[in-house]
Amino acid sequence: MRKLLPLIGTPSGSHPGGRSAMTCRFRCGDACFHEVPNTSSNEYVGDVIAGALSRRSVMRAAAVVTVAAAGAGAVGVAGAPEAQAAPAAQGGPRKPEGARGLRFTPVAPNTADAVTVPEGYRQNVVIRWGEPILRGAPAFDPEKQTAAAQAGQFGYNCDFLALMPLKGERGRQLLVANHEYTDEVLMFRGYDSENPTREQVEIAWAAHGLAVVAVEEDHRSGKLTPVTRHPLNRRLTATSEFRLTGPVAGSDLVKTSADPSGTKVRGTLNNCAGGTTPWGTTLHAEENFNQYFARGSRATDKRYGIGTGTTERKWERFDKRFDLAQEPNEVHRFGYVVELDPYDPDSVPRKRTALGRFKHEAATVRLTHDGRPVVYSGDDERFDYFYKFVGSKRMRPGNSRSAREHNLTLLDEGTLYVAKLTGDSPAIEIDGTGKLPKDGEFDGSGQWIPLATATADGAVSHVEGMTAEEVFVFTRLAGDKVGATKMDRPEDIEPNPVTGKVYVALTNNSNRGVGSNPGADEANPRNANKHGHVLELTERWNRPESTKFAWSLFLVAGDPEDPATYFAGFPKDSVSPISCPDNVAFDAHGNLWISTDGSALGSHDGLFGVATRGSRRGELKQFLTVPRGAETCGPVIQDRRVLVAVQHPGEVDGASVEKPASTWPDGPGRHVRPAVVAVWRADGRDIGV
């Protein structure tokens, strides 16, 4: 039997999904330790899918690979022994089997303080936190950081990544990145969390936001390297200018003393996943924005997880807009999807309020048959919902000035929907014991419930008792009112470009069935869901504008030896263990790639590929792992390259600049630095073929 590795730096089960306490503090403001914001009584998806947690067929559970602990591993910050990475392959050079695009030897679960990739693959660090990208920006000096320097350097903690084409520049692309949040204790020597300095706070403001940087491929090696001082390189921070557009722009709900027009916002915060558009822009999802605001007092503040006291970072001491007792509407200006034109360095990014306000995770786009945009987004909170926006205006093809100007208005007009799921089997057959319902399948139907419609002439609410402006600002409450289905932290949502099916990553929910929280009955094998799952949706007639869909359980994550796990019916003795699916992406073959956040299996987070169709549907294989304390983010899957963001390496309880828990990427004696990594085949051929 495979031994699962001990969690590094924190006792098993002490934090949701295996996260460290530091991650909970800095990334999401201890969201999982706050009272659940959603106290509505509408249906919870755990009750709906309980029956799918059974074994659909009885199969021998065995290890994909056995990881043996090394006898003299390094010691982490908390004193836990580190197991060395197992070899990525055993035996001779036989070509790996698998679905096309996934023919690589799976990486073993491990706790190596490195990015571990399959045999026959190579990697390089593309760009690190602090590397200069703008003209005049200095080289990174961790002991002499300034806000002005950071504003011209690559920011901290990447999440979403996109590689955009650069016409006329052979071998070059534009890398667009989100800088989600900052780990001040890992950035500043001697950091005092109770008394941050103004300089430290202003550096953190500059380290948040977005980055655009040209990158160049070395055709001899496959490496990507940044092109410093490229004219399209750009940094946007927590103090840059943004515009509110759509139905909320100019509303009294978003007016402040600094912006009585209700249209101009300083900064973007906690940008998590995102997406690209068919018209050449990028979308950036503001997620855990609530943690930056102090002294919330209203019911709407509570529904969005905003505390009544001070914040972790204490920004409210240095700018009153973060103190809701002084600027109560400032928080209503965050929690949107930001649209950026990476090809126009002088453009002002726009917050698209028609897509609703919540903890957006992702904003992925596809077009209807007649050319209208559809945007999918999850609300990353326990017991919250997932949404889609269907635009009413058609995209204009081409790259003319008039086409680009028109396409930059597409996300301001359309209808916002929230999802409701219904099981197909009688409730009595879904008893939580692991027994399948009589039809031998666990699936169901669903509907997209309209919340509000925005037009050029105004907006109309479809929710009784709420105005359209209220729906777009307090979208969570609108979902409560219409009885949307409560989910286990809906994160990234991606449509498969080959099949059209839509996949929803549900990371985990340690509060499911705990105390008075919603959950399954006592026989439900997945109470306190710590591993998460993935749903597969098929919209009616495979049309993204449809208001009806079918759904099925595609993957229930965890140790394959656990009978409660499920891999689309694929034999569980032939898959990699996976926990806490987060970001997802697709390759050209229609395979789903899943990055994880907070693996509760004792190994480090990683990137996985899984076939979604054919005889190997459900065959899941681990492609890489990330260093100690890190999360795998922003996967970009190209034909010959995989790109990931290694977010918050060394984010382990007790770690600091003086006591680092990781030496990645530059070795001992250097600051641990979040970075972007490229991976390619050593022989230069396509990934996994």
Checking [Y] against [X]: is there a side-chain donor and acceptor pair closer than 3.5 Å?
X	Y	value
N288	E180	no
S603	N110	no
N178	H284	yes
N529	N509	no
E287	H360	no
D605	T596	yes
Y292	N270	yes
N508	D488	no
T467	E469	no
E491	T507	yes

Problem set entry | Criterion side chain to side chain contact (heavy atoms under 4.5 Å, CB included) on S445 and K548, from CA distance to verdict | CA-CA 8 Å; S445 59; K548 296 184 183 299; over 6 Å; no

Contacts of type side-chain hydrogen bond (donor to acceptor under 3.5 Å, both in side chains), residue [X], not counting sequence neighbours:
X	answer
T475	none
W315	none
E286	T268, K351
R352	T245, E339, D412

Taking only residues two or more places apart in sequence, or in another chain, which ones meet [X] in a side chain to side chain contact (heavy atoms under 4.5 Å, CB included)?
X	value
P495	T364, R366, Y376, V502
A238	W205, H208, L269
E536	K501, Y503, S552, F554, R617

For this session: Under the ring-ring contact (aromatic ring centres under 6.0 Å, His included) rule, collect the residues that match up with Y336, sequence neighbours excluded.
Result: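 Checked Y336 against ring-ring contact (aromatic ring centres under 6.0 Å, His included); zero matches.
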
For this session: Give the intermediate values and the outcome of side chain to side chain donor-acceptor pair (under 3.5 Å) for residues E184 and S193.
Result: CA-CA 8 Å; E184 282 81 350; S193 61; over 6 Å; no

Problem set entry | side chain to side chain contact (heavy atoms under 4.5 Å, CB included) between L537 and F386, worked out | CA-CA 12 Å; L537 310 181; F386 63 94; 3.7 Å; yes

Give a yes or no on whether the ring-centroid distance for [X] and [Y] is below 6.0 angstrom.
X	Y	result
F389	W448	no
F608	W593	no
F474	H332	yes

Main-chain N/O of [Y] paired with [X] side-chain donor or acceptor, under 3.5 Å:
X	Y	result
T565	A557	no
H604	V626	yes
K388	T547	no

Problem set entry | Derivation of the side chain to side chain contact (heavy atoms under 4.5 Å, CB included) call for E312 and Q291 | CA-CA 8 Å; E312 170 70 37; Q291 64 175 296; 5.7 Å; no

How would you list, by chain and number, every residue that makes a salt bridge (charged side-chain N to carboxylate O under 4.0 Å, His left out) with [X], sequence neighbours excluded?
X	answer
D384	R303, R476
E470	none
K314	none
E494	none

Exercise. Which class fits the ring pair F293 and F322: parallel under 30°, tilted 30 to 60°, perpendicular over 60°?
Worked result: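 Taking F322 first and then F293, their aromatic rings sit tilted (interplane angle of 30° to 60°).
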
For this session: Please tell me if the side chains of P627 and V646 come closer than 4.5 Å, counting only heavy atoms from C-beta onward.
Result: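 Side chain of P627 against side chain of V646, heavy atoms only: contact under 4.5 Å found.
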
Problem set entry | Working for side chain to side chain contact (heavy atoms under 4.5 Å, CB included), residues V584 and V534 | CA-CA 10 Å; V584 295; V534 176; 5.8 Å; no

Exercise. Less than 4.0 Å between a side-chain N and a carboxylate O, is that true for K359 and E381?
Worked result: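 Salt bridge: yes.
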
For this session: Determine, for D301 against R298, whether the closest basic-nitrogen to carboxylate-oxygen distance falls under 4.0 angstrom.
Result: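 Looking at R298 together with D301, the answer is yes, because their closest N to O distance falls below 4.0 Å.
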
